[in-house]
Trainee: 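The structure follows.
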Amino acid sequence: MGALTDTFTLSTGARIPEVGFGTWQIPDGDTTYNAVRTALETGYRHIDTAHGYGNEASVGRAIRDSGVPREEIFVTSKLPAAAKTHDEAVTRMEESLANLDLGYIDLYLIHAPWPWGQHEERFDEGNLAAWEVLQEGLGDGRLKAIGVSNFDVHDLENVLTKGDVAPAVNQIQYYIGFTEPVISGFCRDHDILVEAYSPLATGDILDNAAVQAIADAHQVSLAQVALRFCLQNGVLPLPKAVGPDHIRANAALDFQLSDEEMARLNELPDAAPGHYHNATQG
Ligand SMILES: NC(=O)c1ccc[n+]([C@@H]2O[C@H](COP(=O)([O-])OP(=O)(O)OC[C@H]3O[C@@H](n4cnc5c(N)ncnc54)[C@H](OP(=O)(O)O)[C@@H]3O)[C@@H](O)[C@H]2O)c1
């Protein structure tokens, strides 16, 4: 476990490389293109983007130019959170497919159960309308698997009980001390793979002394411990990096945290206490 080609298995039976390369906040154009090319050259075979990141076209171009066969790369993208009607979801999904221009998307997620800024409201009907469109994409083969992101138990139950297909993935904020046990447990019980977004708390975890002590004992970086932590909890981390040294370091995860270290890390309070959490998580 720990190599970029090791995989988790989705409920669909598809294999998903166990570390994904995150691309949120990487500017479109050369910065995204170069980061994704570096990631693919380093050996990452799983790239996470979103319609809302504005960089799908650069991700797609980097993949096409990489020389790595399309079928060896797992690409995730996301339907915009605001798309809560059938027509808008169709339009946005078609845009994602065209932007990426890779023939198909391996995993397409509803980015959030609420349009950004409306966390306190429920959008059960809108999520079902969006889910129906993702199911259609699955049916015609242009989406190979479908899932959700930022969904709490209520939102998951809505889709599980009223949709025809169960989500394969729930992508949530997850890092040491912020492991969302209620949502994670529900997903485990329903064969929904949990993906850890912001596994480094968007960088806010990097000065945590307790985690650093464990990193020192293994002569690895704090970031590497934070990513191993996800893997050893059965959760798929999505580290984002622009710096080539970071991109390479996050791929070097061939070490093992002991059971005692994992227990200590699992008991730590929020390792990035100032970090932003949305209202339905936690
Ligand atoms: N579904 C959602 O709603 C959602 C929300 C947030 C994120 N995500 C996904 O999750 C991915 C990761 O989350 P995130 O973007 O919040 O960031 P993150 O991976 O938690 O942290 C990224 C930050 O850590 C730095 N870093 C990376 N590797 C490092 C290393 N080895 N040593 C030191 N610093 C390191 C990066 O620096 P440099 O960039 O300068 O190298 C960057 O500042 C996103 O890119 C996106 O794909 C999804």
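Below, each value reflects all heavy atoms present in this structure, side chains not excepted, and no hydrogens, waters or symmetry copies. Order of listing sets the numbers, starting from 1, for every ligand and every atom in it.
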Trainee: Please report which non-hydrogen protein atom sits nearest to atom 17 (O) of ligand 1, along with the residue it belongs to and the distance in Å to one decimal place.
Mentor: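 For atom 17 (O) of ligand 1, the nearest protein heavy atom is Thr202 CA, 3.6 Å.
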
Trainee: Where does Ile247 meet ligand 1, judged by heavy-atom distances below 4.0 Å: at the side chain, the backbone, both, or neither?
Mentor: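 Answer for Ile247: neither.
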
Trainee: Quick one: sort the Phe178 and His277 rings into parallel, tilted or perpendicular, breaks at 30° and 60°.
Mentor: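 Correct class here is parallel.
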
Trainee: For Asp101, is there an ion pair with Arg61 - N to carboxylate O distance below 4.0 angstrom?
Mentor: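 Not counted as a salt bridge, because no side-chain N and carboxylate O are separated by less than 4.0 Å.
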
Trainee: Can you name the atoms of ligand 1, numbered from 1 with element, that are less than 4.0 Å from a heavy atom of Pro239?
Mentor: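 Under 4.0 Å from Pro239, ligand 1 has these atoms: 19 (O).
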
Trainee: Any ion pair linking Asp140 and Arg142 (charged N to carboxylate O, less than 4.0 Å)?
Mentor: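 Yes.
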
Trainee: Which word best sums up how the rings of His119 and Trp114 line up, parallel for under 30°, tilted for 30 to 60°, or perpendicular for over 60°?
Mentor: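 Ring orientation of His119 relative to Trp114: tilted.
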
Trainee: Within the 3.5 Å criterion, strictly below it, is a donor on Thr49 or Asn55 matched to an acceptor on the partner's side chain?
Mentor: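 Indeed, the side chains of Thr49 and Asn55 share at least one donor-acceptor pair under 3.5 Å.
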
Trainee: Could a heavy atom of Gln25 be found less than 4.0 Å from some atom of ligand 1?
Mentor: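 For ligand 1, residue contact (heavy atoms, under 4.0 Å) with Gln25 is absent.
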
Trainee: Flag Lys78 as yes when one of its N or O atoms lies below 3.5 Å from any N or O atom of ligand 1, and as no otherwise.
Mentor: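 For ligand 1, there is no N or O atom that lies under 3.5 Å from one belonging to Lys78.
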
Trainee: Quick one: which ligand 1 atoms are inside 4.0 Å of a heavy atom on Thr23?
Mentor: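 Listed by number with element, the hits are 45 (O), 47 (O).
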
Trainee: In terms of residue, atom name and distance, what is the protein heavy atom nearest to atom 44 (C) of ligand 1?
Mentor: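 The closest heavy atom on the protein side is Trp24 CB, 3.5 Å.
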
Trainee: Could you list which atoms of ligand 1 come closer than 4.0 Å to a heavy atom of Gly243?
Mentor: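 With Gly243 as reference, the close atoms of ligand 1 come out as 41 (O).
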
Trainee: How far is atom 42 (C) of ligand 1 from its nearest protein heavy atom, and which residue and atom is that?
Mentor: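 The closest one turns out to be Lys240 NZ, 3.9 Å.
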
Trainee: Considering the heavy atoms of Val242, write down every atom of ligand 1 situated less than 4.0 Å from one of them.
Mentor: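 Checking each atom against Val242, I get 38 (P), 39 (O), 41 (O).
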
Trainee: Give the contacting part of Ala241 toward ligand 1: side chain, backbone, both or neither, where contact means a heavy-atom distance below 4.0 Å.
Mentor: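 Both the backbone and the side chain of Ala241 come within reach of ligand 1.
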
Trainee: For atom 47 (O) of ligand 1, what's the nearest protein heavy atom and its distance?
Mentor: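 Going atom by atom, the protein heavy atom closest to atom 47 (O) of ligand 1 ends up being Asp48 OD2, 2.7 Å.
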
Trainee: The test is side-chain contact (heavy atoms from CB on, under 4.5 Å); show your working for Trp116 and His111 and say whether it passes.
Mentor: CA-CA 10 Å; Trp116 304 116; His111 205 146; 3.5 Å; yes

Trainee: Mind listing the closest non-hydrogen atom pair of Asn150 and Ala112 along with its distance?
Mentor: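 So the two residues come closest at ND2-CB, 4.0 Å.
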
Trainee: Show the atoms of ligand 1 that are less than 4.0 angstrom away from any heavy atom in His111.
Mentor: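 Under 4.0 Å from His111, ligand 1 has these atoms: 1 (N), 2 (C), 3 (O).
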
Trainee: Among all the protein's non-hydrogen atoms, which is closest to atom 10 (O) of ligand 1, and how far away is it?
Mentor: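 The closest heavy atom on the protein side is Tyr197 CB, 3.4 Å.
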
Trainee: Between Lys162 and Asp124, is there a side-chain N and carboxylate O pair less than 4.0 Å apart?
Mentor: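 Answer for the salt bridge query: no.
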
Trainee: Just to confirm my output: which protein heavy-atom neighbour is closest to atom 3 (O) of ligand 1, and how far is it?
Mentor: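 For this ligand atom, the closest protein heavy atom is Asn150 ND2, 3.0 Å.
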
Trainee: Is there a polar contact, in the sense of an N or O pair closer than 3.5 Å, between Leu200 and ligand 1?
Mentor: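 Yes.
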
Trainee: In the protein, what heavy atom is nearest to atom 11 (C) of ligand 1, and what distance, to one decimal place, separates them?
Mentor: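 In this structure, atom 11 (C) of ligand 1 has Leu238 O, 3.1 Å as its nearest protein heavy atom.
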
Trainee: May I ask you to list the atoms of ligand 1 that are less than 4.0 angstrom from any heavy atom of Ala223?
Mentor: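 Reading through ligand 1 atom by atom, the close ones are 30 (C), 31 (N), 32 (N).
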
Trainee: Check the side chains of Tyr44 and Asn250 for a donor-acceptor pair under 3.5 angstrom, ignoring hydrogens and angles.
Mentor: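 On atom types as modelled, these side chains do not qualify, holding no pair under 3.5 Å.
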
Trainee: Measuring from non-hydrogen atoms of Tyr53 to any atom of ligand 1, is the shortest distance under 4.0 Å?
Mentor: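 For ligand 1, residue contact (heavy atoms, under 4.0 Å) with Tyr53 is present.
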
Trainee: What I want to check is whether the side chains of His86 and Glu136 have a donor and an acceptor closer together than 3.5 Å.
Mentor: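 Yes.
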
Trainee: Near Ala201, which atoms of ligand 1 are under 4.0 Å from a heavy atom of that residue?
Mentor: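 Taking each heavy atom of Ala201 in turn, ligand 1 has 20 (O) under 4.0 Å.
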
Trainee: Identify the closest protein heavy atom to atom 41 (O) of ligand 1: which residue and atom is it, and at what distance?
Mentor: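 So the nearest neighbour among protein heavy atoms is His246 ND1, 2.6 Å.
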
Trainee: Is it true that the NZ or CZ of Arg15 lies under 6.0 Å from the centre of Phe8's six-membered ring and within 45 degrees of the ring axis?
Mentor: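 No, Arg15 does not sit over the ring of Phe8.
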
Trainee: Below 4.0 angstrom from a heavy atom of Gln171, which ligand 1 atoms are there? Numbered from 1 as shown, please.
Mentor: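 With Gln171 as reference, the close atoms of ligand 1 come out as 1 (N), 2 (C), 4 (C), 8 (N), 9 (C), 48 (C).
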
Trainee: Assess whether a salt bridge exists between Asp87 and Arg92, defined as any Lys/Arg side-chain N lying under 4.0 Å from an Asp/Glu carboxylate O.
Mentor: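 Salt bridge absent between Asp87 and Arg92.
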
Trainee: Using a 6.0 Å cut-off, check whether atom CZ of Arg70 has over 12 heavy atoms from anything other than its own residue.
Mentor: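 Counting neighbours around CZ of Arg70, more than 12 heavy atoms of other residues, nucleotides or ligands fall under 6.0 Å, so yes.
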
